[in-house]
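What follows is a set of notes on a single structure, which appears directly below.
Below, chains carry the letters A, B, ... as their sequence lines are ordered, and counting in each starts from 1. Computation of the quantities below employed the complete heavy-atom set of this structure, encompassing side-chain atoms and omitting hydrogens, waters and symmetry-equivalent molecules. Bear in mind that the values here come from a model prediction, so they are computed numbers and not experimental data.
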Amino acid sequence: MSEKKTTLSRREFLKDAGLVVGGATIGSAAILSACSGKTTTVTETTTKNSTVTETKSVTGASKFICPVDSKEFSSLADLQSHYAAAHVDKALENVVTLTVNGNNYTLAVEPWWPLVYVLRDVLGFYSVKVGCDLGNCGTCTILVDGTPKFACLMLACECQGHEIVTMEALSNGAVLSPVEQAFYDHDAYQCGYCTPGLVMAAEALIKKNPKPTAADVQYAFSGHLCFCANMTKQVECLVGGVD
Amino acid sequence: MPYDAAKAKEFDKKTIKRSVVDNPAVHDKSGKWIMTGRAEFAADHFTGHKYFGVAKLATVMHAKIKSVDFSEALKIPGVIDVVTVDEVPTWSDHVLWYGKEVAGVIADNWYTAIRATEAIKVEYDVLPAMFDPDVAIAEDGKDGTANVGLIDGTNLHQRTAVVRGGGAAEGFKNVDWDFTFEYPWTTSYAHNELEAHQSIGWWIGDEAYLYTGTQDPYSTRTSVAPQFGLPAHKCHVYSRFNCGGFGGKTDDWGSYAALAMSKKVGGYPVLFKNTRYSNVLTRQRSFSIKSKIRLGGTKDGKITALDAVFYANEGANTAAPVGDCIFGLQKTWNIPHADIKCIGVLTNAPKRYYWRDVADPPGGYNTESALEKCAYKLGMNPLDFRLKNVNPCDVQPPAAEGGWYGAHPWGSFVIKELLEATAEWSDYRKKFHLPATKKVKDIYPNEFKEYADWYHGIALTAHLDSHGGSFAAARGGMLKANADGTFQVITGSARGTAGGTTVCCTTVAEVLGARDEDVLLGDWANTDTGLNPGVQASSSHTISISSAFYNAAMEMKYKMTVMALNNAAMKKVGATKDDLEFANSTVYFHKGKADEVAIPFASLGLGTNTAASAGGADGTGSSVQNDLQKLLGQRAGGAWKSKFNEKGEEYIKKGDKVLANGQSGACLELAIDPETGVTEFLNYFLVVDTGCTMFKQGALREIGAATELIHSQGYYFGDVYDEETGADISTIYTEAQFPTYMDMDFSTHHFADYQSEDASGTFGCHGIAEPSLTNFCTVALATFNAIGVWVDCHKGGFTPDRVLEALDRGIGADYKALMEA
Ligand code: FES
Ligand code: FES
């Protein structure tokens, strides 16, 4: 029996579009070498203001193939030098500088990488959580130029030149921000998974409207879900403002 | 110094000078991590140094995998490797439901892995499938090949059977009335926590490591280790935070795959993670039941005979916890002769697991519906009928009397009090009427004008929570002293909700006389350093884990006393152990003002001390556990009192078997527009017994959350499957279209904290709100009271279309038929 194809997700669509528009999407993020069913991968991690290439041989590949022109090399180092020399344009194609919590991070991203993936799994801002990855729950909310946005619905490559703020920037862990303190004092969380998204939305609200009514808060939280069913407290703790 | 319980107890002479109940200074100890974005959930590790694993899921209900073609998937840039069902423990080539894992991909990012699963081609030998549980029952045994494929030749197996007195046969010999009620399959819901399941597995040499989203890291270790041929100490599990305040994260679903995938790539960390949709297909969906309940009794409304059969749809899970659905009927109602059975029905549907509130919502729905209709038939007020038949208190009759309570004694049993309290608060007696006889304006001439001509309905129920009876692991607590006079509580408990870890800290602070802020959370939820706290240490099991910490703190206090008496200043004043006072993180001697000596804990030299203790298995009634209950009873305002049963016998005395539980009562008043089928809540009163809960803020918060969940359970949850393929197509789950309180008029929800004087109540807070959830049956009962037609929660909620469908039979039609039958 053959399989039913399930629907194409928005992200898959974008990825496919990227393949068509940009030609090879290899960029500089992943160089794959496929040889007789065995694979070897070079992954790249990015640190602040620079890119560092790290290799990890996984299943013992015997040769290394350039994904852009299919030339073969016997070592990863050879492939890397070839890639850097011959495809420098490609390497630079997807490099962006993201400004997160006031710091600049220059890194290579695939055109279809969601911002939430880059913030979490490339840069390590783990306060940003993923709930639905579909724009339904608000868990991944961050501030982009002061406006709450769902990081799962933004592409990292769109974010150059914008100020991104995550929950990590709100306090140093010892002294809570007034919004965080209000949540804490009202026990406006249970498991805490939805909390960062709500707190970021609340930060934006309070900045714009320091004395919100219940209706104002409800409106600000209308794209958010708390599966611990804790939204009464989450709204209540902000009504009338925070000190 | 060995622990000497007798000696240690001598030190427990301190008056409790403060109450933690309602003390706003006692805060959720792990809350600061959450409030600063530093709470580490399972996936929040190994930045840039991990691969991503995703499972490909079956698109058929019942089949054997014939072949799997990975070739296209392997060509996708970023794919590292693939795994077959043979490489992951718990996966198999026998597909039993739509959504079972049939292959896996490891890639350098999650989105590539998802994409690669789409490129895998699977061929199946499709087998006959059984999705509809009624067909599974009807066809059972007729054709050996048509069964679900889990038990040879059958789809049915008995899960529970309870006989009381002479059983139904004896009971029905002599009754004045004899009624039978049948209910079709109830709906179910998915736990569906916001954090889709995620686990990171990695290997160092031959030792396995896991960050995983589970409430129960200990059970994960004991179930995962043998699957990889490891002794338990070579499997290390960490689960500090996990999502889902009302439970639902007790399975190890992703752990096996994460470790197997990591093994495949040489031990490098692999984050195995679900998409929202695959989370719905692979994670917990609660079971549904249908029932036939026959009741008989005497003219005055006493039920004397019961014959009840519950069928439970277990999906493809022979171990689904469906047997618990009889608890409400078994424990709450005092019926001398009874047969109660639960029969599991296997189907090719996803595996079924617990409900929130463990087992009671579908059982409670069926039971309460039968009781309500029975009361109407007898011409009794449903409240009076319940009060007549409810167990008066939790007297545990001897086995010779039939062992009615079986192996599950209940420590707190104030259902009768809750029925009365809820009735009083809601003014139920004044507002009650027969079905389809009152409009809103008849009850509220001056209020709710917009619903004046809608039908008014009212119903009142009360339930206990099954928490506490289902698990029987010993609990352990470990306490470590630091040189600076602070202490670390090491629980081995994951944080799924607030309260559990906090009450452990509070218990220690109270026993030691330490400041709250000096008792910290140590390396909790780490199987390497903590002791086994049980499945849900933040649940009603908190009493067990707290008693372990009580014990450990007593040992620590004993050590500290010896150290204090060896202190030069204490020696100088000739202090004895009876002269010492522990308070404010200081040991005091103050016989006379002039002789006062104060030694801060930080000066005792405690740095290398640890204390550990096992709390005893559930229900063992250890003296330490009972001492703790007594201590907590005092905290709650000196409320510890012996309780007496109808015969004047004391219950819950030292040495008794007790378990912590929760219970609640609810009264719903609603209005229904007969033209549109629209229902509006007028008032929803929820009364919850929080007993001597230490983390009261958390308890109140959870009760508020429960009212939201009851509302959404009544109207939004539903089983929506494509019956041809078995695919879940409910957007509530698949697209996280979950209602929140913003979808409801929350001003109609009222909740009260009924703090019973029973010191064996719940001590954390997780278990407190859950018993409220069974009260979603009030929606069915109040709807019947309003319009006199029965709307079942079969496949969905009490939505306007379903109300209108029932109204096609005419206002009051089902009530009339009931009374004439
Ligand atoms: S994860 Fe972004 S909205 Fe749900
Ligand atoms: S606090 Fe758990 S999801 Fe909101």
Side-chain angles (χ1 to χ4, degrees), chain A residues 1-6 11-12 15 26 30 32 34 37 39 41 43 45-46 56 58-59 67 112-113 117 121-124 126-127 129 131-134 136-137 139 166-168 171 173 176 180 183-184 187 189-196 218 221-222 225-233, chain B residues 27-28 31-32 34-41 44 47-49 59-60 74-75 77-81 108-111 115 118 121-124 126 192-195 241-246 265-266 268 275-276 495-498 697-698 701 704-705 708-709 735-738 740-742 746:
Chain A
M1 166 169 179
S2 67
E3 290 221 63
K4 264 192 201 164
K5 173 89 175 74
T6 56
R11 190 162 299 112
E12 284 175 314
K15 186 176 176 187
I26 185 70
L32 179 133
T39 59
T41 290
T43 60
T45 59
T46 305
K56 175 148 187 76
V58 179
T59 50
W112 46 273
W113 278 1
Y117 169 70
D121 293 309
V122 180
L123 297 177
Y126 286 123
S127 76
K129 306 288 184 220
C132 62
D133 214 37
L134 294 165
N136 283 339
C137 72
T139 310
T166 71
M167 199 190 198
E168 278 87 351
S171 74
L176 302 182
E180 289 176 331
F183 268 67
Y184 187 64
D187 290 293
Y189 57 90
Q190 283 192 41
C191 75
Y193 200 77
C194 67
T195 311
Q218 286 179 355
F221 285 176
S222 56
L225 287 173
C226 170
F227 279 18
C228 297
N230 219 22
M231 294 202 86
T232 42
K233 290 275 178 191
Chain B
H27 252 301
D28 184 2
K32 283 253 165 104
I34 288 171
M35 287 323 309
T36 52
R38 287 158 179 80
E40 291 170 336
F41 289 79
D44 301 348
T47 316
H49 293 278
T59 51
V60 291
L74 284 163
K75 284 182 199 158
V79 170
I80 310 294
D81 215 330
D108 66 3
N109 75 70
W110 190 51
Y111 305 98
R115 184 178 167 76
E118 296 286 332
K121 292 189 179 59
V122 184
E123 271 197 291
Y124 300 101
V126 177
N192 198 31
E193 56 284 326
L194 208 48
E195 177 194 18
F241 289 82
N242 62 80
C243 178
F246 277 84
V265 295
Y268 199 65
T275 63
R276 168 113 317 253
R495 172 181 171 118
T497 182
Q697 304 96 303
R701 177 183 57 195
E708 180 181 321
L709 286 166
E735 291 172 25
Q737 291 179 352
F738 196 88
T740 72
Y741 104 108
M742 286 193 267
F746 224 67

Minimum-distance pair of heavy atoms, taken over all atoms of [X] and [Y]:
X: B:Met742; Y: A:Met231; answer: CE-CE, 3.4 Å
X: A:Tyr184; Y: B:Asp28; answer: OH-O, 3.5 Å
X: B:Ala705; Y: A:Cys228; answer: CB-O, 3.4 Å

One option among B:Thr740, B:Leu194, B:Thr275, B:Thr36 has the most heavy-atom pairs under 4.5 Å with chain A, and it is B:Leu194
Choice from A:Leu176, A:Thr166, A:Thr232, A:Thr139 maximising heavy atom contacts with chain B below 4.5 Å
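Sorted descending by pairs with chain B, the first entry is A:Thr232.
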Assess the residue pair B:Lys32 and A:Ser171 against the criterion (side chain to side chain contact (heavy atoms under 4.5 Å, CB included)); give the C-alpha distance rounded to whole Å, side-chain angles, the decisive distance to 0.1 Å, and a yes or no. CA-CA 11 Å; B:Lys32 283 253 165 104; A:Ser171 74; over 6 Å; no
Inset, instruction - Assess whether side chain to side chain contact (heavy atoms under 4.5 Å, CB included) is satisfied between A:Lys129 and B:Asp44, documenting all intermediate values. - result: CA-CA 9 Å; A:Lys129 306 288 184 220; B:Asp44 301 348; 2.5 Å; yes
Looking at [atom1] of [X] and [atom2] of [Y], how far apart are the two atoms once the value is rounded to the nearest 0.5 Å?
X: A:Cys137; Y: B:Glu195; atom1: SG; atom2: CD; answer: 12.0 Å
X: A:Asp133; Y: B:Tyr111; atom1: CG; atom2: OH; answer: 4.0 Å
X: B:Glu193; Y: A:Cys191; atom1: CD; atom2: SG; answer: 9.0 Å
X: B:Asn242; Y: A:Tyr193; atom1: CG; atom2: OH; answer: 10.5 Å
X: A:Trp113; Y: B:Asn109; atom1: CH2; atom2: CG; answer: 6.0 Å

Exercise for the section: Please assess B:Thr47 against A:Tyr126 for the test side chain to side chain contact (heavy atoms under 4.5 Å, CB included), listing each intermediate value before the final yes or no. Expected result: CA-CA 9 Å; B:Thr47 316; A:Tyr126 286 123; 3.3 Å; yes
Open item on the list: Please check this pair: side chain of B:Arg495 against backbone of A:Gln190, looking for a donor-acceptor N/O pair closer than 3.5 Å.
Closed with: yes
task = Examine whether an atom of B:Met35 lies under 4.5 Å from a heavy atom of chain A, and if so say whether it belongs to the side chain, the backbone or both; otherwise answer neither.
result =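 Both parts, heavy atoms under 4.5 Å.
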